[in-house]
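In what follows, a structure is listed as structure tokens, so that the remarks can point back to it.
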Amino acid sequence: MSLTPQAGIMEIALYESGKSSIAGRDDVLKLSSNENPLGPPPAAIAAITSAASETHRYPSTDHAELRDAIAEVYGLEASRIICGVGSDEVLQFVTQAFSGEGDEIIYTEHGFSMYPILAHMAGATPVVLPEVERVVDVDIILEAVNEKTKVVFIANPANPTGTLVSDAELKRLADGLPAHVILVLDGAYAEFSEGYDGGKTLAATRPNVLMTRTFSKVYGLGGLRIGWGYGPQEMIDVMTRIRQPFNLSGVQLAAAEAAVRDPDWVRDCAKLNAEQRTRLTGAMRQLGLACDDSEANFVLVRCADKAEADSAEAAFLAEGIIVRRPISYGFPEGLRITVGNAEQTGRVIDALTRWRETN
Ligand SMILES: *Cc1c(COP(=O)(O)O)cnc(C)c1O
């Protein structure tokens, strides 16, 4: 090719999303993308419908109404909130604004696959560090940080492991990082972890901590692409300069505002998830499959080896169930199963029980 892309771009491996269909089946149960089994909140559907008649208008550029709603519900300062096309875009703002060629961006061995993509997009170098027993380790990160490090990404709870770093350990990490390093606490699954504040306390009080949150998971609006970040005013003001003025449509803004103002939704979804997650984890262990306690809306099941996982996946597919194989995350022996509702969880357990009987 005679065209020369920016440095780093050709290093990007294309993102692989969860499969969503099986040829010849119309009863497919998709448990591969950590989507909400209850669908979108009814309040958001109503807001989308009524916003539709205003789509000839350009949307708000400052997202003031959505930011006010988030600030009220989460107890934050609205001026320190930035909204993006999914939290992925907020993660892109921070890497693009604060890193470039010659800089390093740290994440860990089973970390979210967007992190290296975002590092390369910014021209920076992704640095992947080991975890300890599938948990992010603060000491390993602190040892690896140097003057080139610009961003440390931690998803908490993590995807695809579902494990959580404790508040005390996060604080120790924030305390130990030099002032030029931004700690990004990706809270995509924070609502599913009882007692975890999603990184809010650190983001509210530290000059170099950014919390990101999303409407894609517990809020059930993954298809609409809305996320947000919260951090120090100075950091948010920098990121706002590279945000496109009309990055979110009026429909997105209206749906997100309605969802965040629905007080019962998050509580009910998190409760259902916790019940079915306990049930699913227990059943997997009874079938002799290893899995850590998950703090998210999925469970990472570890088979004996890749061949066994291939066999379990084939059994699922034969019963119309799609799960995620986290092979690119370093788990060839793994199956990441989104926690569904009671009926769906029953279908998963039945499928694997039948598979176990013949394998
Ligand atoms: C799903 C997910 C996100 C959210 O992405 P959106 O762009 O907000 O849909 C962020 N981080 C992790 C680790 C995720 O799994």
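All values below were derived from every heavy atom in this structure, side-chain atoms included, with hydrogens, water molecules and symmetry-related copies excluded. This is a predicted model, so every value here is computed, not measured. Atoms within each ligand, like the ligands themselves, are counted from 1 in listed order.
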Ligand 1 to Thr214, heavy atom cutoff 4.0 Å, flagged ligand atoms 6 (P), 8 (O), 9 (O)
Test side-chain contact (heavy atoms from CB on, under 4.5 Å), reference Thr95, set Leu118, Ile182, Val184, output is Leu118
Of all protein heavy atoms, the one nearest atom 11 (N) of ligand 1 is Asp186 OD2, 2.6 Å
Ligand 1 atoms nearer than 4.0 angstrom to some heavy atom of Ala188 are 2 (C), 3 (C), 10 (C), 11 (N), 12 (C), 14 (C)
Atom 4 (C) of ligand 1 sits nearest the protein heavy atom Ser87 OG, 3.3 Å
(request) Could you tell me whether the side chains of Asp88 and Gln92 share a donor-acceptor contact shorter than 3.5 Å? (result) no
Within 4.0 Å of some non-hydrogen atom of Gly86, the atoms of ligand 1 are 6 (P), 7 (O), 8 (O)
Note: ligand 1 atoms sitting under 4.0 Å from heavy atoms of Ser216 are 6 (P), 8 (O), 9 (O)
Logged contact type for Phe215 with ligand 1, heavy-atom cut-off 4.0 Å, is neither
Below the 3.5 angstrom mark, is there an N/O of Asp88, backbone or side chain, next to an N/O of ligand 1?
yes
Result for side chain to side chain donor-acceptor pair (under 3.5 Å) between Tyr189 and one of Asn297, Asn34, Asn156 points to Asn34
I want to check something: taking the side chain as every heavy atom from C-beta on, are Leu248 and His63 in contact at a cut-off of under 4.5 Å?
yes
- Message: Parallel, tilted or perpendicular, judged at 30° and 60°: which one describes the rings of Phe215 and Tyr219?
- Response: tilted
Please work out which of the three classes, parallel, tilted or perpendicular, describes the rings of Phe153 and Tyr115, given edges at 30° and 60°.
parallel
Going by the 4.0 angstrom heavy-atom rule, the piece of Arg225 near ligand 1 is side chain
- Strictly by modelled atom types, are Glu104 and Asn146 linked by a side-chain donor-acceptor pair under 3.5 Å? yes
Logged contact type for Lys217 with ligand 1, heavy-atom cut-off 4.0 Å, is side chain
Contact region, Asn159 to ligand 1, non-hydrogen atoms below 4.0 Å, reads side chain
task = State, yes or no, whether a side-chain contact exists between Thr108 and Ile141 at a heavy-atom distance under 4.5 Å.
result = yes
